[in-house]
Amino acid sequence: MKIFKYLAIALFAVTMVACGDDEPKSNFTREFNMIYPVLPSGHKMISKIEQNYDNGDRTVATATYEGEHLKSVNVVTTGRNNYSNEETIYFDYANGAIICDKSIQDVTYSFEVNADGAITRLKNETTGRSAASLQYSYDNELEMAQISTPSSNDVTKLAWLNGNFMQWESIGVNKKDSVVYEYGEGAPLNKGGIDVVGNETFTFTKYVCAIMRNAGLFGATSAYLPTVIKKDHDYTQVTETNPQGAIVLKSYNIIYELDGEGYVTSYTTNESPKYTVKITYK
C-alpha cells in the first residue's frame, strides 16, 4: 500500500509542475525578422487594466514585458452566478507568432508587420486559415481590417482626423455596427497612448486588443481622447415609414481621471450598466 501511496504523490507532483508551466508549447517555427514599434516620447506601457461594473461583473487584464516588448496578456473575467473565464496570450517575436492559451482550445497565430511594426496579417496556424488583414495610412493609422472566421467575413473601416480617431464601422453577414467619437472642450491629450473607449476588437478580446494597441502592434493611437462615445442604434426613432429606425446613435459621456503628469488613471461612462476602468502603467 505504501508503494501506491508514494506513486500517487509522485504523479501528483509531476501534474503540478506541468500545470504550473508559464508558457504553452508551440511547434510553430519559421525565419522571421521582427520590426518593433517605435513609440512616441512620453508613452507609457500598460501593466494592468481593471474594469468593474456596478452589477458586479469584473475583468482584469495583466500584461508582462521583456524589456520594452510586450510578452503576455492574462485576462480573467468574473461575474454573476459564479461565472469565471481566463485566457493568456503569449507573444513569440522570434517566430512571429501569438500563442493563445484558452480553456476550450489553444490557438497559434502567425503575423506579419509593416515598416512601423504594426501587424498587417494574422493567420491561424492551427486551422491554416487567414484570420485578419489590416491596412494602415502613411501615418500608421489603421484604416481597414478584414476579419475572417469559419462563419463570417467582416470588414471594419476606420476614420481619423488630425491624428484623432473619429469613427469605426463594421459590416458583415447579418451585422452592421458603428461607433462615433467626439472631442469636446477639455479632451485630454493621450500621453500614455491608451486605447479609446469601445474600440472594435480584431481576432482577440477587448483588453488584449487594448494592450496590443498600447504596445504599438495595431498602429498609432489617438492623439487626444474622446469625451463622448456614440453607439447603439436608438430604436425609439422607429416609425411606420422607417421600421428600422433612424440612423441615430445614443451618446454617452466619458469622464477621465488624470494623475499629476496628465496620464489617464481611470475613466467612467454613463452607459448602462455603469462601469469604471482603471489603468496601471509599467
Side-chain angles (χ1 to χ4, degrees), residues 37 40 49 51 114 116 118-120 122 131-149 152-238 242 244-256 264 267-272 275 277 279:
I49 300 176
Q51 181 179 43
N114 63 16
D116 296 304
I119 292 174
T120 59
L122 287 163
S133 176
L134 303 101
Q135 298 179 15
Y136 300 83
S137 70
Y138 287 110
D139 294 320
N140 203 31
E141 297 168 345
L142 182 60
E143 293 184 319
M144 187 175 73
Q146 183 171 330
I147 309 302
S148 301
T149 70
S152 66
N153 189 17
D154 300 342
V155 175
T156 299
K157 295 183 179 180
L158 306 95
W160 299 73
L161 179 64
N162 299 325
N164 291 323
F165 186 36
M166 304 301 296
Q167 179 181 7
W168 63 260
E169 182 179 43
S170 183
I171 299 175
V173 178
N174 299 321
K175 173 189 176 182
K176 185 173 182 180
D177 199 6
S178 180
V179 168
V180 176
Y181 299 97
E182 292 182 356
Y183 296 78
E185 184 178 353
L189 181 67
N190 191 11
K191 292 183 67 174
I194 68 172
D195 196 13
V196 296
V197 178
N199 205 346
E200 177 70 311
T201 59
F202 304 119
T203 304
F204 309 105
T205 53
K206 176 169 64 174
Y207 288 125
V208 171
C209 286
I211 291 174
M212 290 176 67
R213 287 190 177 99
N214 171 255
L217 294 172
F218 283 140
T221 52
S222 187
Y224 283 80
L225 291 168
T227 54
V228 172
I229 177 174
K230 291 186 174 182
K231 56 185 290 190
D232 305 327
H233 284 179
D234 187 355
Y235 292 104
T236 62
Q237 304 297 319
V238 171
N242 186 10
Q244 299 301 316
I247 306 301
V248 175
L249 299 176
K250 296 180 181 178
S251 294
Y252 303 100
N253 297 323
I254 310 169
I255 306 300
Y256 300 93
V264 173
Y267 61 81
T268 303
T269 78
N270 60 344
E271 299 177 57
S272 181
Y275 65 87
V277 175
I279 299 172

Between the CD atom in Q167 and the CG atom in L249, the distance rounded to the nearest 0.5 Å is 8.0 Å

Going by an N to O cut-off under 4.0 Å, is there a salt bridge joining K250 and D232?
-> no

Within a strict 4.5 Å, meaning less than it, do heavy atoms of the I194 and T221 side chains meet?
-> no

Any chance you could measure I49, atom CD1, to Y207, atom OH, to the nearest 0.5 Å?
-> 6.5 Å

What is the minimum heavy-atom distance between D154 and G172, and which atoms define it?
-> OD1-CA, 3.2 Å

Considering residues, nucleotides and ligands other than Y252, do more than 12 of their heavy atoms fall under 6.0 Å from its OH?
-> yes

Would you find a donor on one side and an acceptor on the other, under 3.5 Å apart, between the side chain of D195 and the backbone of N199?
-> no

Please walk me through it: do E200 and D177 pass side chain to side chain contact (heavy atoms under 4.5 Å, CB included)?
-> CA-CA 9 Å; E200 177 70 311; D177 199 6; 5.5 Å; no

Verdict with supporting geometry, M144 and Y136, side chain to side chain contact (heavy atoms under 4.5 Å, CB included) = CA-CA 7 Å; M144 187 175 73; Y136 300 83; over 6 Å; no

T201 side chain to T205 main-chain N or O, any donor-acceptor pair under 3.5 Å?
-> no

Starting from the C-alpha separation in whole Å, work towards a yes-or-no answer on side chain to side chain contact (heavy atoms under 4.5 Å, CB included) for Q51 and V277.
-> CA-CA 4 Å; Q51 181 179 43; V277 175; 3.9 Å; yes

Ring geometry between Y267 and Y275 (parallel below 30°, tilted from 30 to 60°, perpendicular above 60°) | perpendicular

With distance as the sole test, does T149 use its side chain to make a donor-acceptor pair with the main-chain N or O of S152 at under 3.5 Å?
-> yes

Is the shortest side-chain N to carboxylate O distance from K230 to E182 below 4.0 Å?
-> yes

Heavy-atom closest pair, residues L134 and A145 = CD2-CB, 4.1 Å

So, T268 versus Y256: side-chain donor-acceptor pair below 3.5 Å or not?
-> no

Between I254 and P226, is any pair of side-chain heavy atoms under 4.5 Å apart?
-> yes

Give, for atom CG of N114 and atom OG1 of T120, the distance between the pair rounded to the nearest 0.5 Å.
-> 6.5 Å

Heavy-atom side-chain proximity of W168 to S178 below 4.5 angstrom = no

Between the main-chain N or O of G219 and the side-chain N or O of N140, is there a donor-acceptor pair closer than 3.5 Å?
-> no

Do the side chain of N214 and the main chain of G193 share a donor and acceptor less than 3.5 angstrom apart?
-> yes

Rounded to the nearest 0.5 Å, what separation is found between the NZ atom of K157 and the CD atom of E169?
-> 8.0 Å

Atom pair CD1 (I211) and CZ (F218), whose distance is rounded to the nearest 0.5 Å | 12.0 Å

Close side-chain approach of N190 to Y224, heavy-atom, < 4.5 Å = no

Shortest non-hydrogen contact from P37 to A215?
-> CG-O, 3.6 Å

Taking all heavy atoms of E141 and all of A220, pick out the closest pair and write down the distance.
-> CG-CB, 4.2 Å

Donor-acceptor pair, T227 side chain versus G184 backbone, under 3.5 Å?
-> yes

How are the rings of W160 and F165 set to each other: parallel, tilted or perpendicular (split at 30° and 60°)?
-> tilted

Do K176 and S170 have side-chain heavy atoms sitting under 4.5 Å apart?
-> no

Quick one: pull up OG1 in T156 and CD1 in I171 and give me the separation to the nearest 0.5 Å.
-> 9.0 Å

Side chains of Q146 and N153: closer than 4.5 Å at any heavy-atom pair?
-> yes

Side-chain heavy atoms of N253 within contact of T269, under 4.5 Å = no

Evaluate side chain to side chain contact (heavy atoms under 4.5 Å, CB included) for K206 paired with V208, printing each intermediate quantity in order.
-> CA-CA 6 Å; K206 176 169 64 174; V208 171; over 6 Å; no

Do Y181 and K231 come within less than 4.5 Å of each other through their side chains, counting heavy atoms only?
-> no

